[in-house]
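Just below is one structure, and these are the notes that go with it.
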Amino acid sequence: MNKLKARNIFSFFTFTTAMVTLATLASCSKDDATPSIQRDVYVAGQEYNGENDVAKYWKNGTPIDLTDGTHKASATSIVVIDDDMYVAGNESNGSNTVGKYWKNGTVVELTDGTNDAYVASIFVAGSDVYVAGGEGKVAKYWKNGTAVDLTDGTKPASANSIFVVGADVYVAGKESDGTKSVAKYWKNGTAVPLSGLVANSIFVAGSDVHVVGGEYDEDENYVAKYWKNGEDVGLSDGYSATSIFVAGSDVYIAGYAYDGNMMESKYWKNGVAVTLTSSNGGGGIGSIFVIDKDVYVAGSEPKNSYYVATYWKNGETVNLTDSSSHANASSIFVK
């Protein structure tokens with residue numbers, strides 16, 4: 001199998017945001033004694049407006065722009081805690097990309113635009129806001145706007161996903177060893193190397209650290225990777241694993257497979273694959289979220305020569321955009 005040729009419009013740096021609180025709202029109608037779950041679905045991404053990509057999010061399918069389209073922008077990660085909504089993203093200043101996040105639509109810039117930067121993942125713990133990303137060659141995260149460097153910048157590195165448990169900060173990403181990229185995660189700044197090229201997403205459940213990513217096998221085929229506590233667990237038929245979510249004893253991994261002809265967007269529950277869509281036109285998966293056994297996956301799928309921002313609920317497709325322009329859904333949060 002050859003390396004992936006099909007175009008993906010989503011970045012490898014847009015992956016699952018972990019949550020502190022999962023809230024469900026239940027109501028019961030007069031005619032039905034069975035409670036019905038009332039959930040809000042939030043999806044972050046971007047859509048091309050004819051000149052630039054506009055960062056935006058959708059709440060229950062309704063789009064809300066975060067940028068005005070003057071410069072290229074993207075929304076990479078979303079979290080909703082109580083009544084507050086946090087969206088991480090990036091926007092060009094005309095020369096470099098500025099990392100930022102929006103709280104309830106108000107922008108907080110994390111970098112000043114002097115160097116090219118990006119942010120990939122956001123996590124909220126109590127009153128603290130953590131954002132993972134990078135600036136120049138340095139992988140870093142920001143806590144309440146203050147940067148914490150994870151690497152020294154002598155070799156290219158990136159931070160792709162962040163998860164916080166108590167006082168412990170976990171960040172997944174990669175760093176070059178001078179020859180090749182090395183997947184790793186950092187716990188409170190201490191690096192843990194993994195047997196792969198890139199770590200895309202991290203989720204901590206109890207004392208277990210779950211990480212997914214990818215690497216090339218001995219035949220130079222790109223393959224999905226899943227590590228639990230640093231040990232390679234393996235993933236049978238994946239091409240790349242982009243997002244992970246753990247619910248109880250169940251491990252959900254989102255990603256895609258490629259057989260040299262068709263791209264399959266899918267997720268795995270405890271290693272068993274569920275195909276969401278199959279196409280020779282590309283597309284991809286950015287994020288997975290599970291609540292009360294319902295599985296939500298965000299990404300994009302090709303339609304009429306464009307990529308449509310999409311999410312799937314238990315395998316059922318919900319298109320967020322029409323096929324009049326390119327769009328992508330990078331992150332999903334349900335409450």
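As a basis for the values below, the full set of heavy atoms in this structure was taken, side chains included, without hydrogen atoms, waters or symmetry mates. Remember, predicted model here, so these are calculated numbers, not experimental data. All residue numbers in this chain count up from 1 along the given sequence.
- Listed by chain and residue number, Glu215, Asp232 satisfy the side chain to side chain donor-acceptor pair (under 3.5 Å) test with Lys225 (two or more places apart in sequence, or in another chain).
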I'd like a table of donor-acceptor pairs (distance under 3.5 Å, sequence neighbours excluded) in which one partner is a side-chain atom from residues 122-131, with atom names and distances.
residue : atom : partner : partner atom : Å
Asp128  : OD1  : Asn144  : ND2          : 2.9

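- Using a 4.5 Å cut-off on side-chain heavy atoms (C-beta onward), Met85 and Val80 make contact.
- Of the possible polar contacts, none joining the Thr114 side chain to the Asp112 backbone as a donor-acceptor pair under 3.5 Å is found.
- Checked against salt bridge (Lys or Arg N to Asp or Glu O under 4.0 Å), Asp322 has no partners two or more places apart in sequence or in another chain.
- Considering all non-hydrogen atoms of both residues, Gln46 and Ala73 come closest at CB-O, 3.8 Å.
- Contact record, Asn160 with Gly173: ND2-CA, 3.7 Å, taken as the closest heavy-atom pair.
- For Ser121 (side chain) and Ile162 (main-chain N/O), a donor-acceptor pair under 3.5 Å exists by modelled atom type.
- Residues Met262 and Tyr307 fall into different hydrophobic clusters, defined by Ile, Leu, Val, Met, Phe, Trp and Tyr side chains chained together at heavy-atom separations under 4.5 Å.
- The list of salt bridge (Lys or Arg N to Asp or Glu O under 4.0 Å) pairs with a residue in residues 146-162, not counting sequence neighbours, reads Lys140-Asp149.
- Taking CG from Asp53 and CG from Asn90, the interatomic distance works out to 11.5 Å, rounded to the nearest 0.5 Å.
- Rounded to the nearest 0.5 Å, atoms OH (Tyr170) and OG1 (Thr190) are 11.0 Å apart.
- Panel note: side chain Asp292, backbone Asp294; no donor-acceptor pair is recorded below 3.5 Å.
- Every residue was checked against the side chain to side chain donor-acceptor pair (under 3.5 Å) condition with Thr67, not counting sequence neighbours, and none meets it.
- How far NZ of Lys72 is from OG of Ser92: 8.5 Å, rounded to the nearest 0.5 Å.
- At a threshold of 4.5 Å between side-chain heavy atoms, the hydrophobic network of Ile, Leu, Val, Met, Phe, Trp and Tyr places Val98 and Val138 in two separate groups.
- Across Thr321 and Ala309, no two heavy atoms sit closer than the pair OG1-N, 3.1 Å.
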>> Under the criterion side chain to side chain contact (heavy atoms under 4.5 Å, CB included), I'd like the reasoning laid out for Val169 against Lys143: C-alpha separation, chi angles, the key distance, then a yes or no.
In response: CA-CA 10 Å; Val169 180; Lys143 178 181 178 181; over 6 Å; no
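- The line from CG of Leu235 to OG of Ser240 is 10.0 Å long, rounded to the nearest 0.5 Å.
- Linking Ile, Leu, Val, Met, Phe, Trp and Tyr residues whenever their side-chain heavy atoms come within less than 4.5 Å leaves Val54 and Val87 in two separate clusters.
- At a threshold of 4.5 Å between non-hydrogen side-chain atoms, the residues Ile253 and Ile288 do not count as touching.
- Side chain of Ser201 to backbone of Ile244: a donor-acceptor contact under 3.5 angstrom is found.
- Between Lys56 and Pro63, the closest heavy-atom pair is NZ-CB, 4.3 Å.
- Judged by distance alone, the side chain of Asn52 and the main-chain N or O of Thr70 form a donor-acceptor pair under 3.5 Å.
- At least one donor-acceptor pair under 3.5 Å links the side chain of Thr151 to the backbone N or O of Ala139.
- Shown here are the side-chain contact (heavy atoms from CB on, under 4.5 Å) partners of Asn270, two or more places apart in sequence or in another chain: Asp250, Val251.
- When only modelled atom types and interatomic distance are considered, Asn328 and Ser330 share a side-chain donor-acceptor pair under 3.5 Å.
- Residues Tyr118 and Ser74 have side chains not in contact (no heavy-atom distance under 4.5 Å, counting atoms from C-beta outward).
- For Tyr42 and Phe333, the ring centers sit 6.0 Å or farther from each other.
- Note on Tyr48: it does not cluster hydrophobically with Leu66, by side-chain heavy-atom contacts below 4.5 Å among ILVMFWY residues.
- Partners of Val107 under the side-chain contact (heavy atoms from CB on, under 4.5 Å) rule, at least two apart in sequence or in another chain, are Lys100, Trp102, Glu109.
- For the side chain to side chain donor-acceptor pair (under 3.5 Å) test, no residue two or more places apart in sequence or in another chain qualifies with Tyr57.
- With a 4.5 Å cut-off on side-chain heavy atoms, Lys303 and Asn319 count as touching.
- No continuous path of ILVMFWY side-chain contacts below 4.5 Å connects Val182 to Tyr216, so the two sit in separate hydrophobic clusters.
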> Can you list the steps and then say if Phe163 with Val209 is a side chain to side chain contact (heavy atoms under 4.5 Å, CB included)?
Replying inline: CA-CA 10 Å; Phe163 201 108; Val209 181; over 6 Å; no
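- Evaluation of the side-chain contact (heavy atoms from CB on, under 4.5 Å) rule for Asn115 yields Glu135 as partners, not counting sequence neighbours.
- Of all the heavy atoms in Ala199 and Ala183, the pair that sits closest is N-CB, 3.6 Å.
- Using modelled atom types, one side-chain atom of Asn200 and one backbone atom of Ala241 make a donor-acceptor pair closer than 3.5 Å.
- Considering only residues two or more places apart in sequence or on other chains, Trp227 meets the side chain to side chain donor-acceptor pair (under 3.5 Å) condition with Ser195.
- The only member of Tyr296, Trp268, Phe203, Tyr252 that meets ring pair (Phe, Tyr, Trp, His ring centres under 6.0 Å) when paired with Phe245 is Phe203.
- Looking at Thr76, its side chain does come within 3.5 Å of a backbone N or O of Val119 through a donor-acceptor pair.
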>> Between Ile202 and Val171, is the side chain to side chain contact (heavy atoms under 4.5 Å, CB included) condition met? List the steps.
In response: CA-CA 7 Å; Ile202 190 166; Val171 182; over 6 Å; no
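- Annotation: the span from Lys174 atom NZ to Leu194 atom CG amounts to 14.0 Å, rounded to 0.5 Å.
- Looking at Asp116, its side chain does come within 3.5 Å of a backbone N or O of Thr97 through a donor-acceptor pair.
- The two residues Gly145 and Leu110 make their nearest non-hydrogen contact at CA-CD2, 3.9 Å.
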> Can you check side chain to side chain contact (heavy atoms under 4.5 Å, CB included) on Lys266 and Thr275, steps first, answer last?
Replying inline: CA-CA 4 Å; Lys266 59 174 58 183; Thr275 299; 3.9 Å; yes
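- For the side-chain contact (heavy atoms from CB on, under 4.5 Å) test, residues two or more places apart in sequence or in another chain that qualify with Thr277 are Ser265, Glu301, Trp312.
- Here the side chains of Asn104 and Asp84 are in contact, with some heavy-atom distance below 4.5 Å.
- Annotation: ring pair (Phe, Tyr, Trp, His ring centres under 6.0 Å) contacts of Tyr306 (sequence neighbours excluded): His326.
- Taking CG of Leu276 as the reference point, atom CD1 of Ile285 lies at 5.5 Å (rounded to 0.5 Å).
- Here the side chain of Ser331 pairs no donor or acceptor atom with the backbone of Ser287 at under 3.5 angstrom.
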